[in-house]
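As the structure is a prediction and not an experimental result, all values here were calculated from the model. Note on naming: letters A, B, ... go to the chains in the order of the sequence lines (proteins, then strands), and numbering restarts at 1 for each one.
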Amino acid sequence: MNDKLGNWKRTQLCGELTAEQVGQEVCLMGWVQRRRDHGGLIFIDLRDREGIVQLALDPDRDPQAHTKAEQVRNEYVLAARGKVSPRPEGTVNPKMKTGAVEIEVSELLILNPSETPPFMLDEFSEVAENIRLKYRYLDLRRPTLQKNMLLRHLVAKTVRNYLDEQGFIEIETPVLTKSTPEGARDYLVPSRVNSGNFYALPQSPQLFKQLLMVAGFDRYFQIVKCFRDEDLRADRQPEFTQIDCELSFVSRDDVMAVMEGMIAAVFKAAIDVEVSLPLARLSYAEALDRFGVDNPDLRFGLELVAITDLVAGSQFKVFADVAAADGLVTALNAKGCATLSRKELDDLTEFVKIYGAKGLAWAKVKEDGWQSPIAKFFTAEELAALNDRLDTEVGDLLLFMADTPAVASEALGRLRGHLGQKLGLAKKDEYMFVWITDFPLLEWDGDEQRHVAVHHPFTSPREEDIPLLDTEPGKARAQAYDLVLNGSEVGGGSIRIHDQAVQSRMFELLGIDAEEAREKFGFLLDALSFGAPPHGGIAFGLDRLMMILTGSDSIRDVIAFPKTQKATCLLSEAPNEVGEKQLQELSIRLRKATK
RNA sequence: GGGGGUGUAGCUCAGUUGGUUAGAGCGCUAGCCUGUCACGCUAGAAGUCGCGAGUUCGAGUCUCGUCACUCCCGCCA
């Protein structure tokens, strides 16, 4: 039989005890981290959310409590009454926050025993993730995840306080909502009372927050779950949390300024880092030119340099042909990396192939010139021009990529990021923010033979680019902005279209005809016709922010109950099959899996 | 949909060229131990080598298939 709690009241948390409480009678409750039985004396490390404190059980002082302590095992739930006392000379443990004191236990209750846990609940044991996920409630008891969840709470609280001070109000939006075209695959929920019809879980509260602006709430926010039925990554879960914001009567710069303040407040509160404002900005075009990607890691240089013009007339056919076909030849100079082995260079070549590149040319800069398979194709003048533009010195490694502009940029840009990690250029405790602005509004989708929205269909073009919608829509720039932190996109938003005519034109460009636009988005078009204020907003990925704030490599380490890569929950075993009765109520018949 | 990695005791891993009864550390159990703190000492229990076929006199090891976890490409307005 377990001991009963009775009228015992906890007086404080284990981790809160210090020398200041010496002499006090306390009552603690928590889990057994570890028991050390010396035959006579027994020590028990008692753990709760705030930390660990040592219980000392002396058979001479209190035989009853000591006898009880002999039964205690790891993860038992205990209550202990006793006196806080200073540890004897020479037994203070400086590694513990509470190491100056211990509890001389006079009464001990075993509130609940525990099976032997499947893994040690300490910070030392590295445990396979599938086992951690199956016993997530135990994994969450460990210090790392406890810290991550407490920090996540602090961040959410800081966000709420800041936004409240800035005049934002939190309003909930529906989770059972309408499936809309464009964007990610929707999670669908069948409707019982409207058989054959489905709700969709929101990919974001986009349309509702715009409607809240039409409704006159002026500034809205919500910390809200969003759902996208797409494949997972180390930083992507099918359900994730956004800090979702929308503001009325604002320009792009207004939104960015308010949000920078929030980011600074969060970094100060969470990890005591002063973020200097305003944050850096880069246009999309410049980001691509200099870094090859629209989410550059600015903790290091290693910039890409276009050399198409220098090699267009060269004897090296690969480069000359690409130049002639309006392609891009681009290069980066890895300073001091001429020491890389042939194997390492081969690995880099394999790396860029992942992104569709056909190959990677390299040159090691030596005292007597380039050591490179391609050096012989260039004249002395061409080599001199390349050395000049790439700012080469002896000991450098030059890497060249030639392809279509899209492939060459991305492949070399990813290689830049890869090298930054590999060479240790990206420091974990450095935080380099950059806003990426002036994204293109539309992008041509070759498969579907139509334009698709780069951001989403409600993003406003820049005012001066509105005429381009009728002439060269591909050239129109969006009033959109992403916030990139250390190479990770942590937020993105835009000024929205508040003019019904422009919105209709946008749908047209996306190949959504008037009838379909009415059917899918009629409520938005109607709303825009009833006095919609100019408005815009942004959403931050809370999970990704938490990854960076906690230094986690996996998004699963900042989510209490995450899903596996196949989007299952190893703890609850969702998703699962449901009974015929449930299916019948939903008018659903399953198709046999065809193999 | 595609490419890579991993899977051996409760946990973390080793296991050679295919060859005797599959090992270690931690954990667990029992005993001893009055100042430890990832306590110590002694002894013990503990295995569907992910699963299924195949090759072989013989498979943890080789082949094929399959499942799970993971990283990446595609996908993610």
- Any side-chain heavy atom of Asn74(A) within less than 4.5 Å of one from Thr116(A)? no
- Do we see Phe119(A) stacking on the base of G10(B), given a limit of 5.5 Å between centres and 30° between planes? no
- Sub-4.0 Å heavy-atom contacts from residues 513-525 of chain A onto RNA chain B, ordered by number: none
- Note on the structure: As its Watson-Crick or G-U partner within any shown strand, both distances under 3.5 Å, C13(B) has G23(B)
- Item | Annotated protein contacts, base or backbone, on nucleotides 68-74 of chain B with a non-hydrogen cut-off under 4.0 Å, one of B, S, - each | SSBBSBB
- Any stacking of Phe43(A) on U36(B), going by centres under 5.5 angstrom and planes within less than 30 degrees? yes
- Item | Residues that Glu472(A) engages under salt bridge (charged side-chain N to carboxylate O under 4.0 Å, His left out), provided they are two or more places apart | Lys475(A)
- Base, sugar-phosphate, or nothing: which does Pro88(A) touch, judged by heavy atoms less than 4.0 Å apart? base
- Message: Quick test of your reading: applying salt bridge (charged side-chain N to carboxylate O under 4.0 Å, His left out), list the pairs with at least one residue in residues 119-139 of chain A, sequence neighbours left out, ordered by first then second residue.
- Response: Glu129(A)-Arg556(A), Arg132(A)-Asp139(A), Arg132(A)-Asp557(A), Arg136(A)-Asp139(A), Asp139(A)-Arg142(A)
- Task: Have a look at Asp122(A) and say if it touches a base, only the backbone sugar-phosphate, or nothing, with a 4.0 Å heavy-atom cut-off.
- Result: nothing
- Residues in ring pair (Phe, Tyr, Trp, His ring centres under 6.0 Å) contact with Tyr187(A), at least two apart in sequence or another chain: none
- Task: Describe the nucleic acid contact of Glu102(A) in one word from base, sugar-phosphate, nothing, applying a heavy-atom distance below 4.0 Å.
- Result: base
- Residues at least two apart in sequence or cross-chain that pass side chain to side chain contact (heavy atoms under 4.5 Å, CB included) with Gln242(A), listed by chain then number, are Ser204(A), Pro205(A), Val224(A), Cys226(A), Arg228(A), Phe240(A), Asp244(A), Ala539(A)
Pairs: protein N or O with nucleotides 22-28 of chain B N or O, under 3.5 Å:
unit_1 : atom_1 : unit_2   : atom_2 : d
G27(B) : OP1    : Arg34(A) : NH2    : 3.0

- Message: For C41(B), give the paired nucleotide (Watson-Crick: N1-N3 plus N6-O4 or O6-N4; G-U: N1-O2 and O6-N3; both under 3.5 Å), or none.
- Response: G31(B)
- Message: When both hydrogen-bonding distances must be under 3.5 Å and the geometry is Watson-Crick or G-U wobble, what is U63(B) paired with, if anything?
- Response: A53(B)
- Applying ring pair (Phe, Tyr, Trp, His ring centres under 6.0 Å) to His451(A) and not counting sequence neighbours gives Trp444(A)
- Distance, P atom - from C26(B) to C72(B), rounded to whole angstrom: 35 Å
- Message: Run the ring pair (Phe, Tyr, Trp, His ring centres under 6.0 Å) test against Phe351(A) and tell me which residues pass, sequence neighbours left out.
- Response: Tyr355(A), His418(A)
- Query: Any donor-acceptor pair under 3.5 Å joining the side chain of Glu89(A) to the base of G35(B)?
  - Reply: no
- Message: Closest approach to the side chain of Glu230(A), judged atom by atom: which nucleotide of C11(B), C76(B), C37(B) is it?
- Response: C76(B)
- Give me the residues of residues 472-484 of chain A where at least one heavy atom lies under 4.0 Å from an atom of RNA chain B, by number, or none. none
Tabulate below the donor-acceptor pairs under 3.5 Å that side-chain atoms of residues 35-45 of chain A make, not counting sequence neighbours, or state none.
unit_1   : atom_1 : unit_2   : atom_2 : d
Arg35(A) : NE     : Val72(A) : O      : 3.2
Arg35(A) : NH1    : Asp37(A) : OD2    : 3.4
Arg35(A) : NH1    : Glu70(A) : O      : 3.1
Arg36(A) : NH1    : Asp45(A) : OD2    : 2.9
Arg36(A) : NH2    : Asp45(A) : OD1    : 3.0
Arg36(A) : NH2    : Asp45(A) : OD2    : 3.4
Arg36(A) : NH2    : Gln54(A) : OE1    : 3.0
Asp37(A) : OD1    : Gly39(A) : N      : 2.8

- Message: Tell me which pairs pass salt bridge (charged side-chain N to carboxylate O under 4.0 Å, His left out) where either residue lies in residues 515-524 of chain A, with sequence neighbours left out.
- Response: Arg518(A)-Asp526(A)
- Message: Taking any heavy-atom pair under 4.0 Å as a contact, classify Ile42(A): base, sugar-phosphate, or nothing.
- Response: nothing
- Message: Assess whether a salt bridge exists between Glu239(A) and Lys563(A), defined as any Lys/Arg side-chain N lying under 4.0 Å from an Asp/Glu carboxylate O.
- Response: yes
